[in-house]
Amino acid sequence: MNGIAARAIERFVCDTYGEAAWHDVVRRARLHVSSFELLLTYPENTTARLVATSTAVLGRQVHDLMEDLGTYLVTHDNMAAVRRLLRYGGADFESFLDSLDDLPDRTRLAFPELVLPRLRTRPRGAGAFDVECGEATPLMVHVLAGAIRAMADDYGALAVLDVDAPARRIAVSVPALRHSAGRDFHLGGATR
């Protein structure tokens, strides 16, 4: 496992629940490090141990915690680079959904060590889409769902998601593309 996933979990727990919670996770998981480096590789079971221990320490269901991690990756100030990477996907939320097919390649340009599963967005008509998450683990499907929910808010769209992690699919219904003002985004001097 590369350090990017472990570091994301670390920052999420620290920024959301505090340093003491993170140190409790590290202690209970019996990890030999208290902080993860982005470019290092760690044993394969490290992510599973981090997730299982985090859910126990924080008293959360695993799918809820992973969706919150996805939201964190888009909304927290410490993760502004992730939000920018995702916002390059389009001028509105539907364009963003259409661009998810290209996200693994765009991600590799910014984070060569991070390999995302292939994503495919299939329109179902009338503002409905299926996002197929390739070979993603069920945990990754929930992280992606949290990020998609956060991006809907970022664009000001109203979106309803139905997550089927075992099938690696997220059904997205967009009843309103312009539900709220959304967040400002500056690309080359223009505000979107």
Side-chain angles (χ1 to χ4, degrees), residues 1-26 28-29 31 33-40 42 46-89 93 96-97 99-100 103-104 106-108 110-111 113-117 119 131 133 136-163 165 168 170 172 180-185:
M1 177 199 82
N2 64 44
I4 293 175
R7 181 70 175 180
I9 295 168
E10 174 187 346
R11 293 307 332 142
F12 165 66
V13 172
C14 288
D15 291 340
T16 307
Y17 297 95
E19 298 282 336
W22 173 249
H23 292 299
D24 197 15
V25 168
V26 169
R28 288 193 196 184
L31 298 173
V33 296
S34 61
S35 186
F36 292 92
E37 296 296 326
L38 293 175
L39 301 178
L40 293 181
Y42 297 92
T46 303
T47 300
R49 286 171 58 196
L50 279 175
V51 171
T53 307
S54 295
T55 58
V57 167
L58 302 172
R60 304 287 313 279
Q61 295 292 319
V62 67
H63 60 276
D64 292 335
L65 192 69
M66 292 299 94
E67 287 192 30
D68 287 351
L69 171 60
T71 299
Y72 166 84
L73 292 172
V74 172
T75 61
H76 199 278
D77 290 341
N78 290 343
M79 298 291 145
V82 175
R83 177 181 178 247
R84 269 194 311 277
L85 177 71
L86 295 173
R87 279 300 293 251
Y88 286 127
F93 184 61
F96 162 75
L97 289 173
S99 78
L100 286 177
L103 183 61
R106 279 188 284 136
T107 300
R108 262 192 300 283
F111 306 101
E113 307 80 20
L114 184 60
V115 178
L116 288 182
L119 302 173
V131 178
C133 303
T137 65
L139 293 179
M140 177 57 88
V141 173
H142 285 291
V143 172
L144 289 167
I148 291 170
R149 280 186 216 279
M151 288 306 294
D153 290 343
D154 204 83
Y155 280 104
L158 176 61
V160 179
L161 276 63
D162 181 25
V163 181
R168 299 180 181 112
I170 303 167
V172 183
S180 66
R183 291 174 58 195
D184 283 340
F185 179 68

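None of the values given here were measured: they were computed from a predicted structure.
No side-chain heavy atom of H76 sits under 4.5 Å from any side-chain heavy atom of R83. At a threshold of 4.5 Å between non-hydrogen side-chain atoms, the residues R168 and P117 do not count as touching. The shortest distance between side-chain heavy atoms of I148 and L97 falls below 4.5 Å. Looking at heavy atoms from C-beta onward, L50 lies in side-chain contact with F36 at the 4.5 angstrom threshold. Contact annotation: the side chain of R49 approaches that of L31 to within less than 4.5 Å [non-hydrogen atoms, C-beta and beyond]. L139 has its side chain out of reach of V143: every pair of non-hydrogen atoms, C-beta onward, lies at least 4.5 Å apart.
Nearest heavy-atom pair, T53 versus A29, reported as atom, atom and distance to 0.1 Å: OG1-CB, 3.4 Å. Across Y17 and D68, no two heavy atoms sit closer than the pair OH-OD2, 4.4 Å. Residues R108 and V115 share a closest heavy-atom pair of NH1-CG1, 4.5 Å. Between C14 and W22 the shortest heavy-atom distance is SG-CB, 3.4 Å. The two residues I170 and C133 come nearest to each other via the heavy atoms CD1-SG, 3.9 Å. Contact record, T47 with I9: CG2-CD1, 4.1 Å, taken as the closest heavy-atom pair.
Electrostatic pairing of R28 and D24 counts as a salt bridge here, judged by a charged N lying under 4.0 Å from a carboxylate O.
Of the inter-residue distances, the one linking L39 atom CG with I4 atom CD1 reads 7.0 Å to the nearest 0.5 angstrom. Separation of atoms CD (E67) and CD (Q61) is listed at 12.0 Å; rounding is to 0.5 Å. Residue R106 holds its CZ atom at 4.5 Å from OG of S99, rounded to the nearest 0.5 Å. The distance from the CG atom of L144 to the CG atom of L116 is 7.0 Å, given to the nearest 0.5 Å. Here R149 contributes atom CZ and T75 contributes atom OG1; the two are 13.5 Å apart, rounded to the nearest 0.5 Å.
Of the listed residues (M66, H142, H63), just one forms a side chain to side chain contact (heavy atoms under 4.5 Å, CB included) with V163, and that residue is H142.
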Test side-chain contact (heavy atoms from CB on, under 4.5 Å) applied to Y155 and R87, step by step: CA-CA 9 Å; Y155 280 104; R87 279 300 293 251; 3.5 Å; yes

For R7 and E37: C-alpha separation, side-chain torsions, deciding distance, then whether salt bridge (Lys or Arg N to Asp or Glu O under 4.0 Å) applies. CA-CA 7 Å; R7 181 70 175 180; E37 296 296 326; 5.8 Å; no

Determine, stepwise, if the pair L86 / L103 fulfils side-chain contact (heavy atoms from CB on, under 4.5 Å). CA-CA 8 Å; L86 295 173; L103 183 61; 3.6 Å; yes

I'd like to know whether L58 forms a side-chain contact (heavy atoms from CB on, under 4.5 Å) with L65, so could you lay out the CA-CA distance, the side-chain angles of the two residues, the decisive distance to 0.1 Å, and finally the verdict. CA-CA 9 Å; L58 302 172; L65 192 69; 3.9 Å; yes

Run the side-chain contact (heavy atoms from CB on, under 4.5 Å) test on V172 and F93 for me, step by step, so that the C-alpha distance in whole Å, both residues' side-chain angles and the decisive distance to 0.1 Å come before the verdict. CA-CA 11 Å; V172 183; F93 184 61; 4.1 Å; yes

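In terms of modelled atom types and a separation under 3.5 Å, the side chain of T71 and the main chain of G146 share a donor-acceptor contact.
Remark: the S35 side chain and the E10 side chain contain an N/O donor-acceptor pair separated by less than 3.5 Å.
More than 12 heavy-atom neighbours from other residues, nucleotides or ligands sit within 6.0 angstrom of CD on E19.
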